[in-house]
Structures are given as structure tokens and as C-alpha cells.
Protein chains: 2
Amino acid sequence: MAAKTDDSGPVLPASIESAWGLRERPPKGPRPGMSVPAIVDAAVRVADADGLAAVSMSRVAKELGAATMALYRYVGSKDELLMLMVDTGYGPSPGPPAPEDDWRAGLTRWAWAEHEVLRQRSWLLHVPISGPPITPQQLGWMEDGLRCLDGTTLGEGEKMSVLLLITGYVRNEATLTSQIAEGSRAAGVDPSEMMPAYGRLVARLIDPARFPALHRVLSAGVLYQDDDPDDEFVFGLDRILDGVEALIQRRAG
Amino acid sequence: MAAKTDDSGPVLPASIESAWGLRERPPKGPRPGMSVPAIVDAAVRVADADGLAAVSMSRVAKELGAATMALYRYVGSKDELLMLMVDTGYGPSPGPPAPEDDWRAGLTRWAWAEHEVLRQRSWLLHVPISGPPITPQQLGWMEDGLRCLDGTTLGEGEKMSVLLLITGYVRNEATLTSQIAEGSRAAGVDPSEMMPAYGRLVARLIDPARFPALHRVLSAGVLYQDDDPDDEFVFGLDRILDGVEALIQRRAG
DNA sequence: CTAGTTCTGCGTATGGTCTACGCATAACAG
DNA sequence: CTGTTATGCGTAGACCATACGCAGAACTAG
């Protein structure tokens, strides 16, 4: 007999489907000794402690007192595990915007929430993302962001684009600051000395005649000071939100 | 006797220094059979053909008809090779803005130039960047971007922040579109069918009561259509430049 | 109660990665 | 000619993901 056809196109990995609460366990066979959430939690624990590079299948298995190959009964591949790690690593979305917030306050809060997550779990930035979000909590974040733009003059497509713009900005900013942190740790330099050292290095390398504008920036001492990363974050975010505001005004006519 | 002290702080890898034209070859010993540029070119060729994942030391060596370990006489590590690959992969910077361009036209051109490079060499996005740019051509790009903002009311630090904002945006946008391309190739789906398939998948997964805003986006058909990626790129870029413009106006006022 | 089915846990093995180390040799300086 | 120094590169070690297959557990059908 013909199975009920699944016309939904792309096939979801089994572990992702179970994250959505679909697909119950078949009643046959021995009872599982582990669970997908337990594995993912262990992997997240490893990443929190020793970084994403330390997350290998054998290391995660050791964390659980299990054999390496046992994990493959629960996740189809390491990439699948990584996807699930991202989902729980981000954690639950910050929730819908407060009623008294306008769109700008809401999105600012939303951006800061992601900023905070990425500051605390910088390994999330190192996970090679392999497609648009399909896990429950990731879509939860998206939902909360969209709600901030409810009641604006923007079209649905524009709302999506704005969210993409902001989340991309947050990720990018977090990547840069985490690189400075990791670089200073690798070089054994004090983090506050990292940017000044970089400035001196560039000053030594460049020829002022070939790089006049860059030379001017260096002369202004921009790279030498160790400014508050939060200020830098706020600067870019405000620029983007200004741009969004201009669009909203224009749409309002 | 005391060597001439190098008070410049961080030590540059040897291969990077030679990319700046410093450090000439010592006259002793057998003549080298290869050169750093030849190795980097071969690595770039491999990445262009088969992606960054195909770039292993042995594969690059095979490309050159050399033994794997021979490469380590020229580059200190694979990471160093990757850094040099990024430098030549981006290629020479697009050049200073045309005299008739105002800052906005100049930055637009600048952003499109990077966009174009990343579209053609999407492996650049997969290179884990490990710090601020220190190679000649990378700093050349920075120089050209800074020149676009010459004559504006912005401070030197603000110019730098604006550049970071834009280059981050371009990278992010390129990452998203290349993920769609790679995802569709991996799934054997036509690229134009990728976003519609994603839309159907999300529609199947979410509960409209839990995800009302997302559901509304889907109902509007936003994810189903396969819109021109360039339009999406222009949208975000214009938002950011609007934000920069607002700042310039404010500083001028 | 028994036989069949299906699932779990996991040992083994393959083929890939980067790179530390050390040796033979080639080219130069004095 | 001798000593110094650099190169080319073979060997080997320490990882990695994962394909495959087997033993046994837990359920269902008869």
C-alpha cells in the first residue's frame, strides 16, 4: 500500500523533527540509554568550557560516559548535533516586546538580547551555519523580532529584511569583539592592550604616501585607544535603526 | 651583544612580513624550489575549484607536484596559508573613489566591489578570520573605503566604524545568499526553488497560535517568492547608508 | 510460551586531517 | 676545502568523523 505521501518537499533530519515534538519513539527494541537533549546539553557544556574546537564526538561521548559510536543512534551526523547545539545555545527567545515599547525600543532590546547571548557563548559564532533557521527556538527569536515591527508601516517582506539586517549586524559585531578577545588570549596579551598593539603594528607596516587616509586615522589615535565595545555596538545599531526609521517615515508619507 | 630590539609588540608571521616586502632571503643554503606566492596561488586555485574544504596541505602540495611537508618551509601553519589566501583572494582593492563621486556613491561602489568578490569566491566567507586585517591588500581595501569619507563631517573613529558596519553587512549578506546556493546544491534542488521550499517547511512546522507574526509573514507569501538577491542587498545597504547620512547631517547641523 | 522483529549499544576499521622531528643534501662564506 | 645554514621531504603520531556489522534487549503476534 502507498504510504501517506509527504509533499512537504525537503526532508527534515530525524533529530530536528523530534525537537519539534513530532515523531514519537517506536515501542520496539531496548529502551534508549541516552536522549538527544542529554547529548546536546553535554556538547554545549563542552563548548562552554573549552570552545567549539573541543567538541568532538568522542569528547561528548566521554562527557556522558558512553562510547563514541553510541551517539550516532541519536544524531545523524556531527553537523546535526551542531545545529541542535545552536538551538539550545541561543536559549529561549527574550519574549515579545513590552506593551509600552515602540518598535525602536523593542528592536533595541531584541538586539541586546542576542548580543548578550553571543558575548557569553562566543562559540556560537564559530558554528558554520548551513541554512536558514528551522529549529524551534530560533524561529521563536524570529517571531519576537517580527512582533516588534507590528503596527509599523512596513510590509511583511521589509520586516523580514530589517530583522536580517539587525541580526547580521549583531553577529558581526560579536564576531569582531570575540576575535580581539581570543587573539589577546592566544598572544598572551592583556585584552585592553590588543587594539593599541594592532595600531602600532599597522603604523609600522604602512607607507603614509600609499595609505594616507589610513595614516590619518592612526595619527588621530583611533586604534590606540581601547574604547568600550558597547559604545561601538550602540553606534552601529543606532545607525541601522536610523536608517529603518527613515524608511518608516517615508512609507508613512 | 644585544640585538636591535624590536619594540613593535606583536610578532608578525614570517610569510606575512615577506608579503610586505620585508625580510629578504638569506644567501645561504640550496635555492628554494617553490615560493610563497606560488603556494598561495595553488591553494586559491583549489578553493576556487572545489571549495575551502578541499584545501588541505596535501592537496595543495599535490597541485604543485611537491611533497606535503615541503610546504612548511614556506608557511608556518595552515592558518598562515589561509590568511595569505584571503589576501590574494580579495585581490587588489577597487581603487580610490572617482572624483565626481560623493561619499555615498563612493561607498556604494566600494560595497558592490566586495559583494562581487564574495559572490565569485564564496570560500572567502568560510575562512575563519582570526583577527583584524594585517595583509597589504586588505589594508588597501580599508584605505579606499576611508577615502570615500574624506571631506565628510565625520570623525576619524566614526569613519572607521562606518566602514566596519558596511563591510560586515556585505559579508553577512553574501553569507546568506551563498548558504542558499550551497544548500540547494547539497539537496539537489533548483536554487530558485530553495526559498519556496523553506517557506513550505516552516509553514508545516509552526503553530499559528504560537507564531502569529511569523505566520503572517508566511501568509503574505514573502518566503515563497524567489526574489532577486541583488534587491535584498540594495535594500539593506540603502538602510545603512540612510543611517550614515542622518549622522552626517546631524554633525553638519 | 515461543518466534520473529526491531531497535540499541558499541567494537572495529578506514581514510582523512595537521604537523613535530630529523636526516640527507645542496649552496654558499671564508 | 671546510663549516654553516637552508632546503626537500620521509616517517610517524595524534587526532578526527563515520561506515559497517554483530550481540543482545524488548516488544508483538501467534
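The sequence lines fix the lettering, A, B, ..., with proteins before strands; numbering per chain opens at 1. The structure presented is a predicted model; accordingly, all values stated were derived computationally and were not measured.
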By side-chain hydrogen bond (donor to acceptor under 3.5 Å, both in side chains) - contacts of [X] (at least two apart):
| X | answer |
| --- | --- |
| A/Ser35 | none |
| A/Glu143 | A/Arg147 |
| A/Ser18 | none |
| A/Ser192 | A/Asp190 |

Quick test: give all pairs of protein nitrogen or oxygen and nucleotides 22-27 of chain C nitrogen or oxygen below 3.5 Å, distance rounded to 0.1 Å.
none

Subject >> Residue pairs, two or more places apart or on separate chains, that pass salt bridge (charged side-chain N to carboxylate O under 4.0 Å, His left out) and touch residues 168-182 of chain A >> reply: none
**OP:** Not counting sequence neighbours, list each pair that qualifies as a salt bridge (charged side-chain N to carboxylate O under 4.0 Å, His left out) and has a residue in residues 112-129 of chain B.
**Re:** B/Asp48-B/Arg121, B/Glu116-B/Arg119
Subject >> Contact list for DNA chain D against residues 52-67 of chain A - heavy-atom distance below 4.0 Å >> reply: A/Ser56, A/Met57, A/Ser58
Atom [atom1] of [X] and atom [atom2] of [N]: how far apart are they, to the nearest Å?
| X | N | atom1 | atom2 | result |
| --- | --- | --- | --- | --- |
| B/Leu81 | C/dT17 | CG | P | 14 Å |
| B/Leu71 | D/dG10 | CG | C1' | 14 Å |
| A/Met69 | C/dA13 | CE | C1' | 11 Å |
| B/Glu80 | C/dT19 | CD | C1' | 13 Å |
| A/Tyr72 | D/dA19 | OH | P | 7 Å |

Subject >> Interface with DNA chain C, restricted to residues 33-40 of chain B and to heavy atoms under 4.0 Å >> reply: none
Original post:
Looking at residues at least two apart in the chain, or sitting in another chain, which of them share a ring pair (Phe, Tyr, Trp, His ring centres under 6.0 Å) with A/Trp112?
Top reply: A/His115, A/Phe233
Original post:
With a 3.5 Å cut-off and no angle check, do the side chains of B/Glu232 and A/Ser161 form a donor-acceptor pair?
Top reply: yes
**OP:** Could you note down all residue pairs passing ring-ring contact (aromatic ring centres under 6.0 Å, His included) where residues 49-92 of chain A supplies at least one of them, sequence neighbours left out?
**Re:** A/Tyr90-A/Trp141
**OP:** Identify, with sequence neighbours excluded, every residue that meets salt bridge (Lys or Arg N to Asp or Glu O under 4.0 Å) alongside A/Asp50.
**Re:** A/Arg59
Original post:
Counting N and O atoms only, with roles assigned by atom type, does the side chain of B/Thr88 sit under 3.5 Å from a partner on the main chain of B/Gly91, one being a donor and the other an acceptor?
Top reply: no
Original post:
At under 4.0 Å, does any side-chain N or O of A/Tyr74 touch on OP1 or OP2 of C/dG9?
Top reply: yes
Original post:
Of the nucleotides C/dC21, D/dG8, D/dT18, which one has an atom closest to the side chain of A/Lys78?
Top reply: D/dT18
